[in-house]
Amino acid sequence: MKKHLTIVIKLGTSSIVHETTHEPLLSTLSTIVETAVSLHHDGHRVVICSSGAIGMALRQMDMERRPKHLPQVQALAAIGQCKLMSMWDQLFMHMRQPVAQILLTRNDIADRTQYLNAQNTFVELLNMGVIPIVNENDTLSVQEIKFGDNDTLSAITAGMIQADYLFLMTDVDCLYDKNPRTNPDAKAIEVVEDIAELAADVSSAGSSLGTGGMGTKIVAARLATAAGVTTIITRSSKPGNIGAIVRYAEAQKSAARSLEASGELPAKALSEPSLQMTAVTNGTSTPRLSEPGLPPLHTRFLPDPHPIRDRYFWLLHGLAPHGTLYIDAGAHAALINKAGLLPVGVKDVEGNFGQQECVRVSVLPSKDAPLNEAEEVGRALVNYSAAEIKRIKGVRSSQIAELLGYADSEYIALRESVALFKKETSRPVTPMQGDKRLSMGRLSNYVGG
């Protein structure tokens, strides 16, 4: 691989400490370190998104299980983060590889300037040859400002730094169409182009120490692929496979480009089929692994050909919406045609939010349709608070000053502060803490950036 890539590797708590004894899994972690350093020596930029702080603290404090009381969890996170970072630092020290700690909450990137500062910090660390180790700041975070789980955090990190690959390491080799432990005829899902067509077994709910499961990894894959990041699910106990998988994926891309350039492959065939499956044997392995030139078993989610980047990615996934604007079809059409959102097109307001806060934008199918029939079509940063918008909704911009006594802007939201999804495709929703929704749809082309 001559191309220098940016690779994010996400490790869950179950990949770092034993679920029962809470002892660090040193053999796995040492291999992760060797793999990361090897990738770095090959010229690639590596970021590790590491859970495990609370798991480390349970061992330090001789506690059997993760507590449910939030202050106790936050206290354990404060204790464990020291141990976790110390362990990573010592392991990388043996390889003479510098590392850095980055702790984030959603509040840290809610402000555009802070988001850019975080982005610049990542870039500078990577340019210095440092491997950043990212975790959610559980010591400070509460439900309203949590990413929800480190799968989501890793996907947002990958999008923020415009990574090439995101590896979601887990306790299985890949996704299966059925549970391979109970279904001998289960098939491994190797390539996913369209998540909307994915019918996989997501019964894994995560370990007792962590917050994620297979479902959250599919949500993370959807977010990352929307940002143009190839996302891979593979077994954490075999981290040495990461390099082989990247080499295989890059070789396939190169071969496809060569065939297309020679005219032997139509442009539309450049992408792989939306789903590729391979039969497994005894639910644990696949016969094709013995064939030369094929990679270790994994599931690869192909990136969207029209990725979301920069400000639009931040609008959609860096911010937590504080309310909803319900607009009519005319306002929606105007937004698609690059115009801003005027008060005349706003039909109703929900929630309590202030100026320059993020809200959902939902379009009503008809003039008299109830609000529950509205479809979310994007997100926006608003120029007026919820209370102000309630007073000026449905009126012309020339009447704003008369109704409010002032007019900060003729627009409820400027067009550059609105991010829209294509109506005919499924909408990606950044999962929030406590949100039980799991949309399988793939984000396709982006309207307005």
Side-chain angles (χ1 to χ4, degrees), residues 8-26 28-29 32-33 36 47-93 97-111 114-115 117-118 121-122 125 130-157 160 169 206-213 216 220 236 318 320 431-434:
V8 178
I9 302 171
K10 184 269 172 182
L11 295 163
T13 302
S14 62
S15 304
I16 292 174
V17 299
H18 191 278
E19 186 172 358
T20 304
T21 65
H22 309 143
E23 294 281 346
L25 301 176
L26 291 177
T28 299
L29 296 173
I32 283 284
V33 168
V47 175
I48 293 176
C49 189
S50 170
S51 303
I54 293 173
M56 297 285 287
L58 290 176
R59 176 172 178 262
Q60 174 76 7
M61 302 305 294
D62 198 24
M63 297 173 66
E64 291 186 3
R65 61 181 62 86
R66 178 190 177 112
K68 295 182 180 180
H69 192 43
L70 180 60
Q72 287 183 315
V73 173
Q74 292 177 318
L76 286 177
I79 296 167
Q81 190 61 41
C82 297
K83 290 290 181 182
L84 179 66
M85 197 60 210
S86 174
M87 180 189 68
W88 281 122
D89 192 38
Q90 290 178 31
L91 290 171
F92 276 105
M93 190 185 301
Q97 172 60 51
V99 295
Q101 176 179 247
I102 296 181
L103 297 176
L104 293 173
T105 67
R106 193 177 287 276
N107 263 12
D108 294 325
I109 59 173
D111 177 78
Q114 288 179 264
Y115 178 89
N117 286 342
T121 299
F122 274 111
L125 286 170
V130 175
I131 294 180
I133 297 178
V134 186
N135 196 3
E136 182 156 14
N137 192 350
D138 289 318
T139 300
L140 299 177
S141 62
V142 293
Q143 181 170 330
E144 290 74 18
I145 63 172
K146 285 181 71 67
F147 290 100
D149 55 80
N150 270 11
D151 293 321
T152 300
L153 173 60
S154 68
I156 291 177
T157 300
M160 180 190 298
M169 311 301 285
S207 72
S208 61
L209 298 178
T211 57
T216 65
S236 61
M432 303 298 296
Q433 184 73 2

Sub-4.5 Å side-chain heavy-atom contact between [X] and [Y]:
{"X": "L58", "Y": "M63", "answer": "yes"}
{"X": "V73", "Y": "L76", "answer": "no"}
{"X": "L104", "Y": "I156", "answer": "no"}
{"X": "T216", "Y": "T152", "answer": "no"}
{"X": "M85", "Y": "N135", "answer": "no"}
{"X": "Q81", "Y": "Q101", "answer": "yes"}
{"X": "I32", "Y": "W88", "answer": "yes"}
{"X": "L125", "Y": "I102", "answer": "yes"}

Taking H18 for its side chain and T20 for its backbone only, find out whether a donor-acceptor pair lies under 3.5 Å.
->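 Indeed, once roles are kept as given, a pair shorter than 3.5 Å links the two residues.
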Has the side chain of N137 got a donor or acceptor atom that lies under 3.5 Å from a matching backbone atom of L103?
->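 No, because the side chain of N137 does not come within donor-acceptor range (under 3.5 Å) of the backbone of L103.
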Which distance, rounded to the nearest 0.5 Å, do you find between the [atom1] of [X] and the [atom2] of [Y]?
{"X": "M61", "Y": "K83", "atom1": "CE", "atom2": "NZ", "result": "11.0 Å"}
{"X": "M56", "Y": "S50", "atom1": "CE", "atom2": "OG", "result": "9.0 Å"}
{"X": "R65", "Y": "E19", "atom1": "CZ", "atom2": "CD", "result": "12.0 Å"}
{"X": "S14", "Y": "L25", "atom1": "OG", "atom2": "CG", "result": "8.5 Å"}
{"X": "S236", "Y": "I9", "atom1": "OG", "atom2": "CD1", "result": "12.0 Å"}
{"X": "E23", "Y": "I16", "atom1": "CD", "atom2": "CD1", "result": "14.5 Å"}

Provide the closest heavy-atom pair for [X] versus [Y] in the form atom of the first, atom of the second, distance.
{"X": "G318", "Y": "R106", "value": "O-CG, 3.7 Å"}
{"X": "M169", "Y": "S15", "value": "O-OG, 4.1 Å"}
{"X": "A36", "Y": "I131", "value": "CB-CD1, 4.0 Å"}
{"X": "Y115", "Y": "M160", "value": "OH-CA, 3.6 Å"}
{"X": "T13", "Y": "G55", "value": "CG2-CA, 4.4 Å"}
{"X": "S51", "Y": "K10", "value": "OG-CE, 4.3 Å"}

Partners meeting side chain to side chain donor-acceptor pair (under 3.5 Å) with D108 (sequence neighbours left out) |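 With sequence neighbours excluded, D108 shows a side chain to side chain donor-acceptor pair (under 3.5 Å) to T105, given in chain and number order.
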For Q72, which residues count as a side chain to side chain donor-acceptor pair (under 3.5 Å) partner, sequence neighbours excluded?
->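 Partners of Q72 under the side chain to side chain donor-acceptor pair (under 3.5 Å) test: none.
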